[in-house]
Amino acid sequence: MSRDVDPILLEMFKNGFEAVADEMALILMRTAHSPIVRDAMDFSTALCDAAGQNLAQGLTTPMHLGSFHDAMRHLIGEYGADIADGDVFIGNDPYLASGQHLPDIYVIQPIFHAGTIHGWAATIAHHVDVGGLVPGSNSLSAVEIHQEGLRLPFVKLYRAGRPDPVVTRLIAANVRTPDQVLGDIEAQVAAAHAGARGLVAMIDRHGAQTIAAYGAALHDYAERLARAAIRAIPDGTYRFEDHIDGLGDNPQPVLFRLALTVAGEEVTADWTGTAPQVRGGINAPISFCKSNVYAALRSVMGADVPNCHGYTRPIHVVAPEASVLNCTYPAPCGARGITGYRIVDCVFGALAQAVPDKVAADGAGGSTLPSFSGRIDGRTFVFSECVMGVWGATSEHDGQEGVPHMASNQANVPIETIEADYPIRIERYGLVADSGGPGRNRGGLAVLREYRMLADDIFFGVRSDKVIHPPHGLQGGRAGTPASNLLERSGGLRILPAMPTTPFLLQTGEVYRHVMAGGGGFGSALERAPDRVREDVLDGRVSRSHARDAYGVVITADGTLDEEATTALRSRMAPRTATPRQTGRETRA
């Protein structure tokens, strides 16, 4: 650290930048109109320096945050000197604004002080609808981005402090729920205004030169800590493959192939060999690919590493053009979230070979995104939520339940909110016994959620995964149970694929039932302490038959552990069950 940088002041400014970004996040959440922003918290905030590099991130969605830098470079490069105090920019297009997918809309404000730009207040939020083929704008059947909804290059939403009504009218005319969409955009504007006020207050107190100098020092400090964390990972190339189940009734698996190379204090994620972009909405722009790689690697660094642009400098991402991880125009990407989750899962699968104690076994594969839409009292409603979530086990503990994938940091919408605002009743919401992958530490139990329709002609679509490829375990831990989608209709039950490309119209009384995948286990199930298995049986997490078949633990009808029978059973099971590690999709070169 330079002698000109006071470490106490550096820490103070780091916390100050973070406080501004967190205030932005709280304002956005508290003023948002739609449940997917207000309750599911599918949004992010960042405070950037004058060059558009993140100084701090709000405590929001990791898979968003690493993309701010590309969006800022795009905006600054396009507008150059045509930026005035009070301007607010809006954009969402992956090809015209370095966006992620059309429902994620950036609202960004330059921060002026004494006539000069000293930073940027940046927000991104998932909007409940931006038009396109299907309500919710997460079309899996789209074959080009023009079918997915309203495309916005970066344009000025506000000019010198005055809103542009033409832009507002254009947005309102192209979405199904204009009140919610425009309300959420105004929440983003309010958050951006707060970010600008926060940074200006810091400049007023400490001076612009000091703020700029300590912003630069923060990037350098984060880079040094990130390099030290990477040096602690053994050098080598760690290879991992995973899949998305695929699209439609006859899905073709979408291959992800990663070679993660650690060389000294730098790391390269090379996705050569990953599937080409597909004719469906799960393609990811390169900015989104990089963002998820950054998030995964940041999670194995220490908590003291600042969440600013500097920590990404030693991380390099290679993704072939026209692949599912670096799509080219006009590929659709409305449902690209599932691809981001799989990016993180692959990085964890590779890291598990190098630092197994720092990563979890495979989880539910990210959120499930059901969408419902219809008409009430002459008005269109659209309800989408991100159903969370289950983690795999770690070397230290069982898999967590009712939590988001680490790339999302979001939440399930409360049942009371759904039932108060929409003609939907949540019939069941809970955990599924025997679904966690057996292991020394057990995978988290699958989450079940059932939706009963209380009106006719309700559009329904869903994006899920892990129906065909269930979550794998680590170090001999076994896989969790696969996910499932089921429609209960007047004509009987219908099993749906992970990502049906044909939407459905549901009628009163019909039920959509989703079960997420169970998390993978860690370590051999025969190494799990019998008393822990008994506790799971008493808690209803594991049945007596599953305890016997998977763990070799015999629990009597009254809940007592039969130690003698358990010892004998485990002795018979050991040769065929206890393997040193599960290697199905892990290799190291």
N-O pairing of [X] and [Y] below 4.0 Å:
{"X": "Arg528", "Y": "Glu535", "answer": "no"}
{"X": "Lys466", "Y": "Asp362", "answer": "yes"}
{"X": "Arg452", "Y": "Glu510", "answer": "no"}
{"X": "Glu396", "Y": "Lys358", "answer": "no"}

For the backbone of [Y] and the side chain of [X], can you confirm whether one donor and one acceptor N or O come within less than 3.5 Å of each other?
{"X": "Asn412", "Y": "Met388", "result": "yes"}
{"X": "Asp39", "Y": "Pro414", "result": "no"}
{"X": "Thr566", "Y": "Asp562", "result": "yes"}
{"X": "Asn409", "Y": "Thr60", "result": "yes"}
{"X": "Ser543", "Y": "His546", "result": "yes"}
{"X": "Asp539", "Y": "Arg541", "result": "no"}
{"X": "Glu419", "Y": "Ile426", "result": "yes"}

Can you confirm whether [X] is buried at [atom1], in the sense that more than 12 heavy atoms of other residues, nucleotides or ligands lie under 6.0 Å from that atom?
{"X": "Gln507", "atom1": "CD", "answer": "yes"}
{"X": "Trp391", "atom1": "CH2", "answer": "no"}
{"X": "Glu427", "atom1": "CD", "answer": "yes"}
{"X": "Leu493", "atom1": "CG", "answer": "yes"}

**Cation-pi check, Arg336 onto Phe288 ring (under 6.0 Å, within 45° of axis)** =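 So Arg336 does make the cation-pi contact.
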
**Prompt:** On the ring face of Phe256, is Arg342 found with NZ or CZ under 6.0 Å from the centre and within 45° of the axis?
**Reply:**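 That pair does not qualify as a cation-pi contact.
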
**Item:** Ring geometry between Tyr341 and His405 (parallel below 30°, tilted from 30 to 60°, perpendicular above 60°)
**Value:** tilted

**Request:** Classify the angle between the aromatic ring planes of Tyr512 and Tyr451 as parallel (below 30°), tilted (30 to 60°) or perpendicular (above 60°).
**Result:**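 Answer is parallel, since the angle falls under 30°.
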
Contact between [X] and [Y] at the side-chain level, heavy atoms closer than 4.5 Å - yes or no?
{"X": "Val324", "Y": "Thr274", "value": "yes"}
{"X": "Leu297", "Y": "Val347", "value": "yes"}
{"X": "Ser373", "Y": "Phe460", "value": "no"}
{"X": "Val300", "Y": "Leu351", "value": "yes"}

**Distance (rounded to the nearest 0.5 Å) between Gln57 CD and His64 NE2** =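 Gln57 CD to His64 NE2: 12.0 Å, rounded to 0.5 Å.
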
**Request:** List the steps and the verdict of ring pair (Phe, Tyr, Trp, His ring centres under 6.0 Å) for His472 and Phe240.
**Result:** CA-CA 12 Å; His472 61 268; Phe240 193 81; 5.3 Å; yes

